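Let me begin by presenting the structure, written as structure tokens, before commenting on it.
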Amino acid sequence: MDDAIRERLTATGRRMLDCFNQGQAELADEIVSLDASVYVDPARFAAEQHHIFRALPLMLAASCELAEAGDYKTLEVAGLPVLLTRSGDGSAHAFLNSCRHRAGPVACDKGNAARFTCPYHGWTYNNQGDLVGIASHHQFGAAEKDDLKLVEFPIYESAGLIWVVLDPESKIDISGFLAGVDKMLDGFDLGAWSLYDQCALSGANWKLAFDAHLDFYHLPVLHKETFGPRISNMAQYFFHGPHQRLGLMSENPVEQNDLRHLTDVPEAEWPIDSLLFGEWIVFPNVSLNCFTAGEKVMVISQIFPGDTAATSTTVQTYLVARPPSQETKPELDEFVAFIKKIVGEEDLPMSMQQQTSMSSGLVKTVHFGRNELGLQRYHQWIEQLVSGKSPVFSADS
Ligand code: FES
């Protein structure tokens with residue numbers, strides 16, 4: 001890690017310690033209200049698909065999901081079928097999972113393959129997207145294979161994570177968009193971790209589902225039976241462009257490090273694990289939380305819009321720094337079940353009840369308090385983007 005990145009992480013840790021010492025996190029200037037239609041309006045939903053999910057870099061996979069040459073996975077994002085591959089030279093690729101003959105899917109699920117044969121008429125592609133075989137080509141006629149490659153999306157792999165822009169023509173600077181967050185996340189060395197578990201959970205509007213990830217206000221209330229009532233409801237927010245980090249203003253029962261142990265330790269000796277404390281929010285729809293539960297485990301939550309404004313899917317991915325042993329596996333499995341319960345049985349059912357109320361049309365506004373600064377900023381970014389303005393992404397915004 002270079003000195004500038006370490007200093008950036010250290011400055012965040014220093015500020016977090018100040019907050020602990022003062023017993024107070026930074027508050028917003030005022031309460032902000034938001035028109036509740038942003039969670040239910042189909043036109044607004046379409047604008048978000050266009051200006052956000054089809055325009056911005058999206059973190060679509062951890063590198064270890066495509067650990068070996070030939071590994072691939074398919075997924076659907078914002079109505080687009082996507083195929084992610086790793087080719088023989090080690091590079092990752094992202095394609096529209098759509099045959100150039102008449103749009104059949106060339107791959108399904110996940111696995112390892114050097115070639116993909118479309119199940120409709122049998123055209124074949126390699127994992128770099130080249131059309132390498134046309135079934136019955138003499139009868140089909142002369143087709144220019146070079147013009148019939150899979151549609152390819154811009155891709156960026158950094159810090160053991162893979163970002164894709166679902167616009168083949170996009171010229172967006174993905175590294176610039178990330179505002180250095182990937183350089184800081186690189187401290188986890190996720191490229192060396194492995195996939196342990198993955199699941200998909202249904203929820204309400206994608207922003208309602210994601211709001212809970214930027215909100216510690218609800219922790220001791222909604223999760224009083226799981227996290228317990230003594231956990232803090234205050235977050236200290238740190239901003240990096242549209243991305244955020246959240247530090248909890250109390251001991252976290254499952255986080256890997258409590259920063260307050262560093263009070264009397266020289267900054268130069270602060271361990272990297274401690275400098276990476278808290279929850280990382282990668283705009284617009286991903287959170288990363290590192291915990292210790294038998295093993296170091298990274299919980300990655302990706303919230304994808306569903307078919308309508310009222311639905312979403314939360315994909316939870318669990319990475320481990322090393323495979324668990326017989327001794328550590330029970331604790332790790334118990335933790336995975338714990339997180340699935342918190343999100344699947346507490347957060348997402350709440351989001352669906354909120355959605356039902358908002359869909360009635362009788363809820364006109366929702367409110368974000370001074371203690372919910374991160375949510376205020378998050379929705380300001382969304383508003384700016386759907387209005388068609390081109391925000392400048394920089395580390396200091
Ligand atoms: Fe793929 Fe015809 S649609 S071969």
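Excluded from the calculations below are hydrogen atoms, water molecules and symmetry mates; all remaining heavy atoms, backbone and side chain alike, are included. First listed ligand is number 1; within each ligand, the first listed atom is number 1. Computed from a predicted model, the values in this text were never measured in an experiment.
For atom 1 (Fe) of ligand 1, the neighbouring protein N/O/S atoms at less than 2.8 Å, given as residue and atom, are Cys99 SG, Cys118 SG.
In this structure, the ring of Tyr72 has its center less than 6.0 angstrom from the ring center of Phe116.
For Glu346, the side-chain hydrogen bond (donor to acceptor under 3.5 Å, both in side chains) partners at least two apart in sequence or on another chain are His223, Thr226. Residues that satisfy the side-chain contact (heavy atoms from CB on, under 4.5 Å) test with Ser170, not counting sequence neighbours, are Pro154, Val165, Asp167, Ile172. By the salt bridge (Lys or Arg N to Asp or Glu O under 4.0 Å) test, Lys73 is found to be paired with Glu65, residues two or more places apart in sequence or in another chain being considered.
The backbone N or O of Leu17 lies less than 3.5 Å from a partner atom in the side chain of Asn21, making a donor-acceptor pair.
When side chains are defined from C-beta on, Asn233 does not count as touching Phe216, because their heavy atoms never get closer than 4.5 Å.
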